[in-house]
Amino acid sequence: MANLNRRQFLQSLGLASAATAAVAFPGIIKAATTRPHVVVIGGGFAGATAAKYLRYWSGAVDVTLVEPNTTYYSPILSNLVLNNQRNLSQISFNYNTLASKYGIKVVNDWVDGINAPNQTINLRGGSTLAYDRLIIAPGIQFMDVPGLDSSKVPHAWQAGAQTTLLQQQLAAMPAGGTFVMSIPAAPYRCPPGPYERACVVADWLRTNKPGSNVIVLDANPAITVEATTFGNAFATYGVEYIPNATLQGVDSDQKIAHTSFGDYKADVLNVIPPHSAGSIVLQSGLANVGARWAGVNPLSYESTAVPNIHIIGDSQGTGQPKAGHIANAEAKVCADAILRLLSGGQPFAAPVTNSACYSPISSTTASWLTAVYAYEQASGTMKLVPESFGASDVPTTKNYNRMFDWTTNLFNDTFA
């Protein structure tokens with residue numbers, strides 16, 4: 001897989017254009033006597049894609065997207081805001097095209113509760129929406145860390161104001177200072193992301209804050225993905241990598257991380273807390289996998305706890321990675337399944353998803369990783385296809401440039 005050419009690799013990402021995707025699902029939608037209504041909660045890569053493709057593949061279904069924010073900031077590429085190679089406006093998206101081009105009704109409000117027996121949701125603004133099928137794509141929420149105040153010690157794991165805060169703290173850090181970041185135990189959003197961040201920050205500090213130190217406190221026993229690539233980069237940058245470092249608490253004022261290996265004081269402390277499914281998933285009794293994630297049938301992403309509710313993206317508990325690219329793929333599987341179900345059919349019996357990403361390692365180089373997951377009937381789960389797994393041998397400038405082709409395709413496939 002390491003020798004894939006550019007065309008083959010981009011094709012493997014599964015980011016078909018809308019026209020191509022339509023050909024892949026011919027004639028599956030039948031007109032209903034009454035128009036079904038699908039409500040989608042959450043406008044990230046999973047929710048926005050699901051809403052778009054429900055309407056793109058069928059004019060016979062009404063779709064409402066409920067998202068409290070008018071602007072979505074992509075976590076993908078957000079680490080490049082930290083080294084000033086991107087700004088937030090370049091990774092920000094609105095829902096205007098989804099509304100005007102695809103006829104999706106966009107409601108900017110919070111969901112306060114779900115009434116599953118009545119198939120309604122209650123909005124904070126006081127209104128109620130009825131649904132025939134409900135898709136929940138709220139992303140993640142953070143679990144508590146004693147003493148952590150994210151207004152002082154940013155996580156920057158949800159892009160936007162937190163990204164800006166971490167960028168400002170790095171800019172104000174003295175030369176010769178210490179940057180400490182913590183990585184939660186898996187599963188967490190974007191497996192290579194924390195290691196990518198450590199590399200990007202270390203590279204930037206080497207030029208802009210000479211003599212500075214980078215310490216990575218990893219709750220996992222080893223680098224979870226692309227171990228050789230990130231391990232070599234850490235050695236090059238002089239990053240101090242500490243595995244099995246369980247975060248026990250934080251002194252947010254003094255910028256101290258309390259860990260199973262002792263205390264680490266920083267000039268800039270970046271704590272990524274452990275994750276769980278979004279709060280609406282937990283509140284609604286849908287987190288039936290380890291009390292943290294939503295169990296779903298991967299043929300349709302319908303909840304195994306409550307019927308007619310589907311959970312996609314970071315909150316799902318299928319064992320697939322939690323990242324934007326695969327969330328986009330899950331959304332298409334879910335949208336296709338819902339349209340089949342609404343037409344009296346059954347979900348496609350052999351869905352396939354793809355997890356892929358590029359990771360910047362410096363200001364000019366990047367690595368890449370891709371893997372395919374296929375439904376295994378015997379276990380009823382999505383399984384990694386071993387021969388599909390591939391990763392770059394070393395970070396290159398060519399990969400860095402291709403990274404922007406990948407993100408442009410993903411962004412357009414989701415929001416355009």
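Computed from a predicted structure; not experimentally measured. Hydrogens, waters and symmetry mates are skipped; everything else that's a heavy atom, side chains included, is used.
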Could you measure the distance from the [atom1] atom of [X] to the [atom2] atom of [Y]? Nearest 0.5 Å is fine.
X: Ser151; Y: Leu165; atom1: OG; atom2: CG; value: 7.5 Å
X: Thr229; Y: Glu196; atom1: OG1; atom2: CD; value: 12.5 Å
X: Asp203; Y: Ser362; atom1: CG; atom2: OG; value: 5.0 Å
X: Ile326; Y: Thr318; atom1: CD1; atom2: OG1; value: 7.0 Å
X: Leu166; Y: Ser150; atom1: CG; atom2: OG; value: 11.5 Å
X: Tyr72; Y: Phe415; atom1: OH; atom2: CZ; value: 6.0 Å

Side chains of [X] and [Y], heavy atoms from C-beta outward: is any pair under 4.5 Å?
X: Ser388; Y: Leu384; result: yes
X: Lys105; Y: Asp62; result: no
X: Tyr373; Y: Asn354; result: no
X: Val145; Y: Leu247; result: yes
X: Leu299; Y: Pro351; result: yes
X: Ile312; Y: Ile135; result: yes
X: Ile361; Y: Phe230; result: yes
X: Ile338; Y: Val38; result: yes

For [X] and [Y], test the side chains for any donor-to-acceptor distance below 3.5 angstrom and give the result as yes or no.
X: Asn115; Y: Asn122; value: no
X: His310; Y: Ser303; value: no
X: Thr70; Y: Asn108; value: no
X: Ser367; Y: Glu226; value: yes
X: Arg86; Y: Asn79; value: no
X: Glu240; Y: Asn213; value: no
X: Asn94; Y: Thr71; value: no

Main-chain N/O of [Y] paired to [X] side chain as donor or acceptor, under 3.5 Å:
X: Arg189; Y: Trp157; value: yes
X: Gln162; Y: His155; value: yes
X: Arg133; Y: Leu339; value: no
X: Gln248; Y: His258; value: no
X: Asn270; Y: Pro154; value: yes
X: Glu376; Y: Thr381; value: no
X: Lys322; Y: Asp314; value: yes
X: Asn83; Y: Trp204; value: no
X: Tyr102; Y: Tyr53; value: no
X: Ser212; Y: Gly176; value: yes

Closest heavy-atom pair and its distance - [X], [Y]:
X: Gly147; Y: Ser252; value: O-OG, 2.7 Å
X: Pro138; Y: Gly278; value: CG-CA, 3.9 Å
X: Pro347; Y: Leu341; value: CD-CD2, 3.8 Å
X: Asp218; Y: Ala222; value: OD2-O, 3.7 Å
X: Ala50; Y: Ala335; value: O-CB, 4.0 Å
X: Asn288; Y: Ala294; value: OD1-C, 3.8 Å

Answer yes when [X] and [Y] have at least one side-chain N-carboxylate O distance shorter than 4.0 Å, and no when they do not.
X: Arg402; Y: Asp405; value: no
X: Lys209; Y: Asp267; value: no
X: Asp253; Y: Lys152; value: yes
X: Asp251; Y: Lys255; value: no

Parallel, tilted or perpendicular: rings of Phe142 and His275 (30°, 60°): perpendicular
Ring geometry between Tyr195 and Phe234 (parallel below 30°, tilted from 30 to 60°, perpendicular above 60°): tilted
Phe348 ring center within less than 6.0 Å of Tyr375 ring center: no
Proximity of Tyr358 and Phe404 rings by center, below 6.0 Å: no
CD/Gln90: more than 12 non-hydrogen atoms of other groups inside 6.0 Å: yes
Lys398 NZ: over 12 foreign heavy atoms closer than 6.0 Å: no
Stepwise side-chain contact (heavy atoms from CB on, under 4.5 Å) check, Val250 with Ile256: CA-CA 6 Å; Val250 174; Ile256 299 173; over 6 Å; no
Stepwise salt bridge (Lys or Arg N to Asp or Glu O under 4.0 Å) check, Arg124 with Asp112: CA-CA 6 Å; Arg124 188 164 299 176; Asp112 275 344; 3.0 Å; yes
Stepwise side-chain contact (heavy atoms from CB on, under 4.5 Å) test for Arg340 and Gln346: CA-CA 6 Å; Arg340 291 173 186 262; Gln346 293 297 315; over 6 Å; no
Verdict with reasoning, His325 to Asn409, per side-chain contact (heavy atoms from CB on, under 4.5 Å): CA-CA 10 Å; His325 185 280; Asn409 287 342; over 6 Å; no
Candidate pair Thr224 and Tyr188, rule side-chain contact (heavy atoms from CB on, under 4.5 Å), full reasoning: CA-CA 11 Å; Thr224 60; Tyr188 57 83; 3.0 Å; yes
